[in-house]
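Report on one structure; see the data block that follows.
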2 protein chains.
Amino acid sequence: MTYSKAFDPVFSALADPTRRAVFERLALAPTSVGALAETLPVSRPAVSQHLKVLSDAGLVSVRQDGTRRIYAIEAERLHDLRTWLDRMWGDALTAFSEAAEKDQAK
Amino acid sequence: MTYSKAFDPVFSALADPTRRAVFERLALAPTSVGALAETLPVSRPAVSQHLKVLSDAGLVSVRQDGTRRIYAIEAERLHDLRTWLDRMWGDALTAFSEAAEKDQAK
DNA sequence: CTTTTGAGTAAGTCATGACTTACCGTAAGC
DNA sequence: GCTTACGGTAAGTCATGACTTACTCAAAAG
């Protein structure tokens with residue numbers, strides 16, 4: 001029923017504007033923590049914390065490269081999100097057409 | 001550039017589990033405030049407040065019906081969300097294929 | 001016109017979470 | 001072996017926001 005509970009970390013991760021900026025930046029190219037922090041109005045530790053949240057939500061993955069850690073988008077979660085959206089869309093359309101039928105029946 | 005700023009109210013609205021439950025319920029059928037509150041573990045005023053957030057985000061609309069107010073999903077915002085998702089998806093794919101090309105070049 | 005039903009608003013509480021600075025660990029470079 | 005670069009972690013602050021109860025308002029019913 002409410003199997004959207006699994007999406008909880010995903011939605012709450014994407015809710016924060018800074019975090020969504022990080023995510024959108026990673027969609028363009030895998031990037032190191034320091035490089036991300038340079039272009040954002042927050043400190044490097046803040047970026048680290050955001051990346052942890054995104055990582056826990058399964059939205060990004062890490063790869064070690066020397067002393068750097070390169071973060072990248074995890075496409076699978078994006079796909080999950082689209083599935084949820086499609087379900088909402090389908091449900092809404094069904095509800096609309098059922099309402100239309102009732103109107104017809106009058 | 002960071003035109004995702006417009007999505008801020010949408011994502012933060014969907015971040016709350018209770019609010020997402022309300023939204024998913026509305027996707028199945030337009031519903032009154034009281035009917036929503038009955039099936040949720042929170043008070044009716046809480047539902048009212050959630051509906052205000054969803055409404056401000058453009059995710060739902062209201063229709064008056066006697067003393068009741070019937071809330072329904074606003075499909076347009078759903079479509080906007082999908083557009084954002086598709087862009088993320090496209091960006092990520094491009095980034096991946098570019099990375100692959102660089103690997104080839106080695 | 002009063003009563004009842006349905007719902008938004010006010011005000012206050014309490015938890016969460018987005019930051020900061022300070023510190024600690026680890027991999028490369030000399 | 002030190003030192004430097006890069007990042008994660010700890011601890012504390014401050015704002016936001018998800019609730020609650022109490023109230024106010026509006027529409028229909030009697």
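Chain naming here is simple, since letters A, B, ... match the order of the sequence lines and numbering starts at 1 in each.
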Atom-to-atom span, CD1 of B:Ile70 to P of C:dG8 - whole angstrom: 11 Å

Integer-rounded Å distance: C:dT26 C1' and A:Asp65 CG: 14 Å

Nearest-0.5 Å distance, CH2 of residue B:Trp84 to CD of residue A:Glu24: 6.0 Å

Nearest to side-chain heavy atoms of A:Gln49, which nucleotide of D:dA11, D:dT20, C:dA22: D:dA11

OP1 or OP2 of C:dA18 under 4.0 Å from side-chain N/O of A:Arg19: yes

Whether A:Trp89 and B:His79 hold their rings parallel, tilted or perpendicular, with breakpoints at 30° and 60°: tilted

Sugar-phosphate, base or nothing in reach of A:Arg44, heavy atoms under 4.0 Å: base

Whole angstrom value for the distance that separates P of C:dT9 from NZ of B:Lys52: 6 Å

Residue A:Pro45, side-chain heavy atoms: nucleotide from D:dA18, C:dT21, D:dT20 that is nearest: C:dT21

A:Ser48 vs D:dT9: side-chain N/O to OP1/OP2 distance below 4.0 Å: no

D:dC6 OP1/OP2 closer than 4.0 Å to side-chain N/O of A:Ser32: no

B:Leu54 CG - D:dA18 P separation (whole Å): 10 Å

C:dT20 phosphate, OP1 or OP2, under 4.0 Å from A:Ser43 side-chain N/O: yes

Rounded distance in Å - CZ (A:Phe11) to C1' (C:dT16): 20 Å

Which nucleotide in D:dG7, D:dC19, C:dT20 has an atom nearest any side-chain atom of A:Val33: D:dG7

Length of the line joining A:Leu51:CG and D:dC6:C1', which is rounded to integer Å: 13 Å

Donor-acceptor pair (no angle test) under 3.5 Å: B:Arg69 side chain, C:dG8 base: no

B:His50 vs D:dG17: side-chain N/O to OP1/OP2 distance below 4.0 Å: no

d(CG, B:Leu40; C1', D:dA18) in whole Å: 14 Å

Gap between atoms CZ and C1', on B:Arg63 and C:dG6 respectively (whole Å): 15 Å

Linked, directly or transitively: B:Ile70 and B:Leu26 (ILVMFWY side chains, under 4.5 Å): no

Distance (rounded to the nearest 0.5 Å) between B:Thr83 OG1 and B:Phe7 CZ: 6.5 Å

C:dA27 OP1/OP2 closer than 4.0 Å to side-chain N/O of A:Thr67: no

Considering only distance and modelled atom types, tabulate donor-acceptor pairs under 3.5 Å from the side chains of residues 43-57 of chain B, sequence neighbours left out.
unit_1	atom_1	unit_2	atom_2	d
B:Ser43	OG	B:Ala46	N	3.4
B:His50	ND1	B:Arg19	NH1	3.4
B:Lys52	NZ	B:Asp56	OD1	3.4
B:Lys52	NZ	B:Asp56	OD2	3.0

B:Tyr71 vs C:dG8: side-chain N/O to OP1/OP2 distance below 4.0 Å: yes

